[in-house]
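Here is the structure we will look at, set down as structure tokens.
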Amino acid sequence: MAEAAAVVAESLAGGRARAARTVLDQVVLPGEELLLPEQEDADGPGGAGERPLRLNAGARARVRVVCGPGLRRCGDRLLVTKCGRLRHKEPGGGSGGGVYWVDSQQKRYVPVKGDHVIGIVTAKSGDIFKVDVGGSEPASLSYLAFEGATKRNRPNVQVGDLIYGQFVVANKDMEPEMVCIDSCGRANGMGVIGQDGLLFKVTLGLIRKLLAPDCEILQEVGKLYPLEIVFGMNGRIWVKAKTIQQTLILANILEACEHMTADQRKQIFSRLAES
Amino acid sequence: MKETPLSNCERRFLLRAIEEKKRLDGRQTYDYRNIKISFGTDYGCCVVELGKTRVLGQVSCELVSPKLNRATEGILFFNLELSQMAAPAFEPGRQSDLLVKLNRLLERCLRNSKCIDTESLCVVAGEKVWQIRVDLHLLNHDGNIIDAASIAAVVALCHFRRPDVSVQGDEVTLYTPEERDPVPLSIHHMPICVSFAFFQQGTYLLVDPNEREERVMDGLLVLAMNKHREICTIQSSGGIMLLKEQVLRCSKIAGVKVAEITELIQKALENDQKVRKEGGKFGFAESIANQRITAFKMEKAPIDTSDVEEKAEEIIAEAEPPSEVVSKPVLWTPGTAQIGEGIENSWGDLEDSEKEDEDEGGSDEAIILDSITMDTGVEVSNIGSQDAPIVLSDSEEEEMIILEPDKNPKKIRTKTISAKQEKAPSKKPVKKRKKKRPAN
């Protein structure tokens with residue numbers, strides 16, 4: 001924590017934009033300004049000093065930089081909008097650029113295009129369903145956006161059902177829109193989730209961790225009991241095991257994982273495996 | 001914002017779990033969630049946590065003129081607020097049905113049961129009485145607000161101290177806490193609400209329902225009771241028919257629960273009193289448990305510290321012993337003594353040796369790395385056909401060679417060990433050189 005405090009003090013005292021590359025994996029605060037690698041080069045080591053005129057300024061190789069959650073582009077500037085640790089992922093080619101984002105801790109979901117989420121149908125009106133996804137506004141879901149759905153062949157969706165779907169429209173100014181098919185028209189696992197099982201909520205950070213490719217927790221959980229599980233990026237998890245008891249255990253373990261150390265987790269898993 | 005709807009699947013699962021006598025958080029049918037009571041720095045301020053439900057209680061007082069028909073009684077005022085912070089579904093500035101119901105229940109539980117001696121709040125009959133105001137704020141909503149709120153109200157009232165007053169003739173003097181210790185309210189008994197949720201038309205019963213259980217319940221019975229098993233209020237809502245036996249059983253359970261909670265409250269109050277008396281730290285900041293997000297935290301790499309102790313002893317043995325300190329007290333006059341004046345200060349020496357002790361961990365590591373880099377160093381030097389012969393050994397002289405500026409291995413070394421070496425202070429080599437010179 002001392003490290004974080006030092007970083008904060010530095011950033012507040014300096015008041016100057018820091019190079020994104022130097023603050024990787026460090027704590028950034030909302031309102032802070034970051035410099036991308038190419039800006040860094042252009043600005044020289046002095047940061048936002050006088051910029052020398054360049055004849056071939058436009059001819060520089062363009063690198064594609066993606067601003068993930070927690071960062072916002074404001075003209076030429078890159079602003080931090082969330083408190084958390086700055087992360088970076090190199091692109092496939094590995095020549096600069098890549099994705100920058102801020103890993104923060106929050107519970108409120110903000111729809112993002114392409115996210116897979118679990119929603120609850122709250123209303124049926126005409127040919128669209130209203131789906132609660134935990135955002136500020138319910139998402140809309142067309143009845144045609146299911147696999148094999150036609151005007152005659154309507155999907156069987158009731159109010160209160162769980163839907164696993166994907167966002168196709170998610171803007172700050174518009175109502176988000178979901179679909180339950182991929183671009184080829186296949187369900188691909190999406191659609192209405194069965195009537196049994198338990199839905200519970202966790203923080204968004206935990207969901208991201210659980211969905212990470214190298215997640216140990218999921219493998220450990222999978223060894224315990226046979227289970228069906230669905231993760232929604234909106235912090236909702238649906239889980240179903242053979243019995244109610246097992247489902248409850250799984251739900252409680254996943255919830256508790258966030259505040260356990262690896263050793264504690266292993267202990268609990270081994271204890272459960274014995275019983 | 002709208003409330004998150006409850007899905008059919010959750011509802012079905014909850015009901016099935018209740019039929020199997022299981023609850024989401026692993027509790028038994030008659031179990032309460034964990035109750036935690038913490039106090040603020042001021043008197044009359046507390047936070048009660050019932051699982052994840054949190055209620056802040058704050059008591060304040062004011063001298064006002066009494067009601068006309070009750071000239072000798074103080075005034076009690078209760079106000080519960082459901083802020084949006086607790087749950088997004090609560091609308092600010094609007095009296096929802098739930099809020100009205102909860103406020104009414106609280107008033108009945110606390111004021112109508114006469115748990116506070118209102119006559120003792122009278123200062124001058126018909127002119128000045130104390131008005132005690134209890135403000136309760138719901139900070140987080142996870143079901144069973146009424147139980148948490150009633151505990152918070154009782155705890156805050158028990159914890160509260162009002163300023164002392166004295167009446168001389170017509171003159172009323174109000175003393176500040178510095179002049180006279182504030183006085184606690186006189187409390188006759190502590191009524192505490194216990195909620196029972198009924199499912200399947202009263203077939204199943206749960207104590208202390210959480211938010212999701214509250215959503216699927218058919219009916220609710222709230223029983224307010226004190227530890228003498230006197231029922232202060234009873235309220236049934238939800239429109240279910242309860243049998244006489246059910247209510248009697250509930251009252252029995254409530255008696256047990258109230259006794260437990262009262263004991264907990266008294267213990268919390270005693271603890272706070274003790275801490276305040278001893279001048280320890282108190283207040284909310286002290287009582288917040290810090291939770292760390294540990295999922296996927298990197299584990300620390302193990303470091304070989306097998307020969308650390310020998311190294312440390314070696315360094316201590318090599319260091320100059322601190323000069324003798326004479327710490328005999330000098331008695332000037334009876335009652336006045338002095339220690340250490342005029343004697344050579346030995347602080348610096350002590351610090352030196354301490355620093356070396358601290359260094360040993362880092363230097364040890366550096367040494368291990370040295371031997372590794374030495375290998376590469378040898379290889380390179382062989383290729384480069386350097387004339388400087390390098391002997392591979394673990395002796396101190398060997399390390400000294402590495403530190404010398406012009407030798408070839410040094411370059412490799414600075415490359416391979418970057419941060420460690422920079423951090424390691426130059427003190428140690430200097431010391432060693434000193435040591436060596438007499439040896440040579």
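Owing to the predicted nature of the structure, the values given are computational and were not obtained by experimental measurement.
A:Gln106 places a side-chain N or O within donor-acceptor distance of the main-chain N or O of A:Arg108, the cut-off being under 3.5 Å.
Proximity to chain B (any heavy atom under 4.5 Å) is restricted, for A:Val159, to the backbone atoms N, CA, C and O. Only the side chain of A:Asn252 comes within contact range of chain B, with heavy atoms under 4.5 Å apart. Within the 4.5 angstrom heavy-atom criterion, no atom of A:Glu137 approaches chain B. Heavy atoms closer than 4.5 Å to chain B are found in both the backbone and the side chain of A:Leu198. Residue B:Arg12 touches chain A through its side chain alone, counting heavy-atom pairs closer than 4.5 Å.
A salt bridge links A:Glu216 to A:Arg265: at least one charged side-chain nitrogen sits closer than 4.0 Å to a carboxylate oxygen. In summary, B:Arg33 and B:Asp147 do not engage in a salt bridge, as defined by a charged side-chain N under 4.0 Å from a carboxylate O.
Among B:Arg11, B:Lys2, B:Glu20, the residue making the largest number of heavy-atom pairs under 4.5 Å with chain A is B:Glu20.
The number of heavy-atom neighbours closer than 6.0 Å to NZ of A:Lys201, taken from other residues, nucleotides and ligands shown, is 12 or below.
Between the side chains of A:Asp132 and A:Thr122, no donor-acceptor pair is found at a separation under 3.5 Å.
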